[in-house]
Amino acid sequence: MKRVMILMMAALAFCTSAMANDDKKAQVELTKEQKKEFKAYVDSVRFNKLMGAINDRHFLMQVDGVYFGGGPTEYGLSTATNFILLQNDGAIVQTAFNDGSMGFNGLGGFTCSGRVGDIDVEIDKKGNVYLRFHVRGTSGDVDVQISIPHNSDSATAYVSPTFYSGTMTMYGEIIPFKDDTIRIEK
């Protein structure tokens with residue numbers, strides 16, 4: 001009786017192991033087309049969430065690269081100190097560079113925190129999103145234009161502060177973001 005029981009347990013373990021291996025093979029054997037369709041689906045869901053955040057005025061662009069006209073592009077910036085935040089009718093645009101300069105905000109860059117007027121959102125035929133708004137801050141104003149390719153969370157922002165003679169281009173990722181503990185100076 002013990003032998004029969006041991007043989008049954010061994011057979012059960014073997015069958016369970018074979019089934020687990022078959023499941024692993026089924027997961028690995030997705031075709032390139034299926035992988036492409038799944039990635040497109042995931043990108044679409046992420047993009048739809050992002051569009052909801054833009055319409056609700058709750059998003060954050062984490063900036064990791066900045067280009068000044070005529071100068072080099074600075075990459076590897078901290079997204080904690082380089083960002084564009086929009087919450088309801090307020091926004092913060094902040095830069096901070098790794099070059100050791102003090103800047104307007106003591107971080108080697110500038111910070112503009114203030115009230116946002118109407119936001120202009122356009123979507124072209126290809127599904128690319130173009131977002132424009134103006135931030136009226138206490139120490140100056142900033143015009144912001146953000147472009148987001150269709151089904152992407154990568155973004156390019158063109159920022160034109162009134163206290164700077166040019167436009168800087170900021171590169172990063174844009175995500176839905178809502179934090180009611182952040183108070184924006186208006």
Side-chain angles (χ1 to χ4, degrees), residues 43-44 46-179 182 184-186:
D43 289 345
S44 175
R46 183 181 301 133
F47 188 74
N48 287 335
K49 283 184 178 180
L50 176 60
M51 287 306 299
I54 288 172
N55 291 330
D56 292 343
R57 293 183 170 200
H58 287 283
F59 69 84
L60 172 70
M61 180 175 170
Q62 300 173 316
V63 175
D64 61 3
V66 176
Y67 171 75
F68 293 98
T73 302
E74 190 166 337
Y75 285 108
L77 300 174
S78 168
T79 57
T81 55
N82 292 277
F83 59 86
I84 298 172
L85 172 65
L86 182 71
Q87 287 203 145
N88 295 321
D89 63 343
I92 301 172
V93 178
Q94 179 171 293
T95 60
F97 305 108
N98 303 328
D99 63 2
S101 64
M102 288 301 288
F104 293 110
N105 60 2
L107 299 171
F110 72 89
T111 303
C112 180
S113 175
R115 182 173 294 280
V116 174
D118 289 333
I119 297 176
D120 181 31
V121 179
E122 293 179 22
I123 301 174
D124 68 12
K125 292 178 186 177
K126 295 180 181 179
N128 301 317
V129 178
Y130 302 95
L131 177 67
R132 292 178 191 85
F133 57 92
H134 183 83
V135 182
R136 188 174 311 274
T138 55
S139 59
D141 297 352
V142 176
D143 286 316
V144 179
Q145 297 179 7
I146 300 175
S147 63
I148 308 163
H150 178 64
N151 277 355
S152 175
D153 55 8
S154 295
T156 303
Y158 304 97
V159 178
S160 303
T162 57
F163 46 84
Y164 177 72
S165 62
T167 298
M168 67 182 81
T169 307
M170 303 170 92
Y171 304 98
E173 180 180 344
I174 192 163
I175 58 173
F177 182 84
K178 185 175 183 177
D179 186 347
I182 296 176
I184 298 175
E185 251 182 62
K186 298 177 204 167

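Since this is a predicted model, take the numbers as computed values, not measurements.
- Between V159 and F110 the shortest side-chain heavy-atom distance falls below 4.5 Å.
- For the atom pair N48 CG and R46 CZ, the distance stands at 11.5 Å (nearest 0.5 Å).
- Under the 4.5 Å side-chain criterion, counting only non-hydrogen atoms from C-beta, I84 is in contact with M170.
- Nearest heavy-atom pair across T167 and S160 is OG1-OG, 2.8 Å.
- Side-chain contact between L85 and Q87 is present, with heavy atoms from C-beta onward closer than 4.5 Å.
- Note that OG of S154 and CD1 of I148 are 10.0 Å apart. Values are rounded to the nearest 0.5 Å.
- Side-chain contact between L77 and T95: absent, with no pair of heavy atoms (C-beta onward) separated by less than 4.5 Å.
- Side-chain polar atoms of Q62 and T79 form no donor-acceptor pair below 3.5 angstrom.
- Remark: the backbone N or O of E173 is not paired with any side-chain donor or acceptor of D153 at under 3.5 angstrom.
- T162 places a side-chain N or O within donor-acceptor distance of the main-chain N or O of D141, the cut-off being under 3.5 Å.
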Query raised in the report: Can R115 and V135 be said to form a side chain to side chain contact (heavy atoms under 4.5 Å, CB included), step by step?
Result: CA-CA 6 Å; R115 182 173 294 280; V135 182; over 6 Å; no
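- Closest heavy-atom contact between L50 and S152: CD2-O, 3.9 Å.
- Other residues, nucleotides and ligands contribute at most 12 non-hydrogen atoms within 6.0 Å of the CG atom of D118.
- Between the side chains of D143 and H134, at least one donor N or O lies within less than 3.5 Å of an accepting N or O.
- Between the side chain of D56 and the backbone N or O of H58, no donor-acceptor pair lies under 3.5 Å.
- The nearest pair of heavy atoms linking F59 to L131 is CZ-CD2, 3.5 Å.
- Distance check: Q94 CD to C112 SG gives 11.0 Å after rounding to the nearest 0.5 Å.
- The minimum heavy-atom distance between M61 and G172, with the atom names listed, is CE-N, 3.6 Å.
- Atoms CZ and CD1, on R132 and I146 in that order, are 11.0 Å from each other to the nearest 0.5 Å.
- You'll find the side chain of F133 stays beyond 4.5 Å of the side chain of D120, heavy atoms only.
- The structure places OH of Y158 at 9.0 Å from OH of Y130, a figure rounded to the nearest 0.5 Å.
- Formation of a donor-acceptor pair under 3.5 Å by the N128 side chain with backbone atoms of H150 is found in this model.
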Query raised in the report: I123 and M51: side chain to side chain contact (heavy atoms under 4.5 Å, CB included), yes or no, with the steps?
Result: CA-CA 11 Å; I123 301 174; M51 287 306 299; 3.8 Å; yes
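- Nearest heavy atom pair, residue S113 against residue I92, reads OG-CG1, 3.8 Å.
- Residues V116 and A91 come closest through the heavy atom pair CG2-CB, 3.3 Å.
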Requested in this report: May I have the step-by-step check of side chain to side chain contact (heavy atoms under 4.5 Å, CB included) for I54 and V121, ending in yes or no?
Outcome: CA-CA 9 Å; I54 288 172; V121 179; 4.0 Å; yes
Requested in this report: Start with the C-alpha gap between V93 and T111, add the side-chain angles, then the distance that decides, and say whether side chain to side chain contact (heavy atoms under 4.5 Å, CB included) holds.
Outcome: CA-CA 6 Å; V93 178; T111 303; over 6 Å; no
